[in-house]
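To start, the structure itself, in structure tokens.
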Protein chains: 2
Amino acid sequence: MAELTTLKRSKQRDAIVAFLKTRKDHPTADMVYQEIRQTIPNISLGTVYRNLSLLSDRGEILRLSCDGKTDRFDADIRPHYHFICKQCGCVQDVDLPYQEDLDHLANASFSGTITAHELLFQGICSTCESGSTH
Amino acid sequence: MAELTTLKRSKQRDAIVAFLKTRKDHPTADMVYQEIRQTIPNISLGTVYRNLSLLSDRGEILRLSCDGKTDRFDADIRPHYHFICKQCGCVQDVDLPYQEDLDHLANASFSGTITAHELLFQGICSTCESGSTH
DNA sequence: AATACAAATAATAATCATTACTATTTTGGA
DNA sequence: TCCAAAATAGTAATGATTATTATTTGTATT
């Protein structure tokens, strides 16, 4: 996975990272693609996927699997939790510090070794709550 | 999603549920298919997918999205946590009660309404630890 | 600045998991 | 037994992602 080859910069990869840093909604690969096309019209979708995988393999961005469907990407690599709205499917950050004690608690009765966890909250986002469309 | 149509029994669906109840490793749709074929040789993969979706929509089984790739299914519908091995990818149950306080903590600083969460632990399973293959 | 070579790209094809379609069969109540 | 709804097998289609390949680009070295 994470081969340690020498990276060479490309304006495509730079644009992908720069775009991700402006966003807090954890875009999918296709959302990144649609956005970068505005400035680099002939960028290939494969290039977007390859760079997103390369960057997350190297730990420069986070890959999130919130629904079973498409992965999302996050330029904020600090450990933090996420929320997904059951109605509109939007993904947001949750302002709750990483709970290390969960790893200790779980390890106590686990046969292998637990080193980390991912926590995904579910519910209804504020937008869906106000505009009652159900 | 969850249409409330009258169910009619089928030996295919019965076999799927019965099989899932014998397993604690949260099989994928294809694993279910491969197993059921042993007793119902001409079962269709589409039938397996349709029934797994139908059953999880009705809350009779759980659908798990542990890696970004393929969904897994669990006949144990009580809220509980899971573990995925970073080395072999196996999925196991974690013996830790559902932490309701996490939902309260997260809600305190959240704009919408959080009703539940999913928690996935990561690390190395005991099998990978003993057989050191790296 | 020119050279050289590895890395990156665009474009396309291929793969994998999953869903949709359709004609036929099965189920369970009238 | 009869019938309509539900379920099925088999197949085609979809959507997300990865692989392939010929060409282009970045950067270290002359």
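We name chains A, B, ... by the order of the sequence lines, and we start the count at 1 in each one.
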Exercise. Among the clusters formed by ILVMFWY side chains lying less than 4.5 Å apart, do A/Leu102 and B/Ile84 turn up in the same one?
Worked result: no
So, does [X] get its side chain near the phosphate of [N], meaning an N or O under 4.0 Å from OP1 or OP2?
{"X": "B/Arg9", "N": "C/dG28", "answer": "no"}
{"X": "B/Gln12", "N": "C/dT26", "answer": "no"}
{"X": "B/Lys11", "N": "C/dT25", "answer": "no"}
{"X": "A/Arg50", "N": "C/dA8", "answer": "no"}
{"X": "B/Tyr49", "N": "C/dT19", "answer": "no"}

Assign each of A/Leu54 and A/Gly46 the nucleotide of DNA chain C bearing its closest heavy atom; nearer the 5' end lies the nucleotide of A/Leu54
Residue pair B/Arg63/B/Ser10 against DNA chain C: nearer the 5' end by closest nucleotide is B/Arg63
Nearest listed nucleotide, side chain of [X], among [options]:
{"X": "A/Leu45", "options": "C/dT19, D/dT17, C/dT9", "result": "D/dT17"}
{"X": "B/Lys8", "options": "D/dA6, D/dT18, C/dA10", "result": "D/dA6"}
{"X": "B/Thr47", "options": "D/dT8, C/dA7, D/dT17", "result": "D/dT8"}

Practice prompt. Scan A/Asp30 against the nucleic acid and name what it touches under 4.0 Å (heavy atoms): base, sugar-phosphate only, or nothing.
Written response: nothing
**Study point:** Sugar-phosphate, base or nothing in reach of B/Asp71, heavy atoms under 4.0 Å
**Key:** sugar-phosphate
note: B/Ile43, atom CD1; C/dT24, atom P; distance rounded to Å ~ 21 Å
For this session: Check if the side chain of A/Thr70 and the base of D/dA16 share a donor-acceptor pair of N or O atoms closer than 3.5 Å.
Result: no
Does the plane of the ring in B/Phe121 sit parallel, tilted or perpendicular to the ring in A/His117? Use 30° and 60° as the thresholds.
perpendicular
Are the charged groups of A/Asp76 and A/Arg78 less than 4.0 angstrom apart, N to O? yes
Heavy-atom count check: over 12 atoms from other residues, nucleotides or ligands less than 6.0 Å from B/Glu100 CD?
no
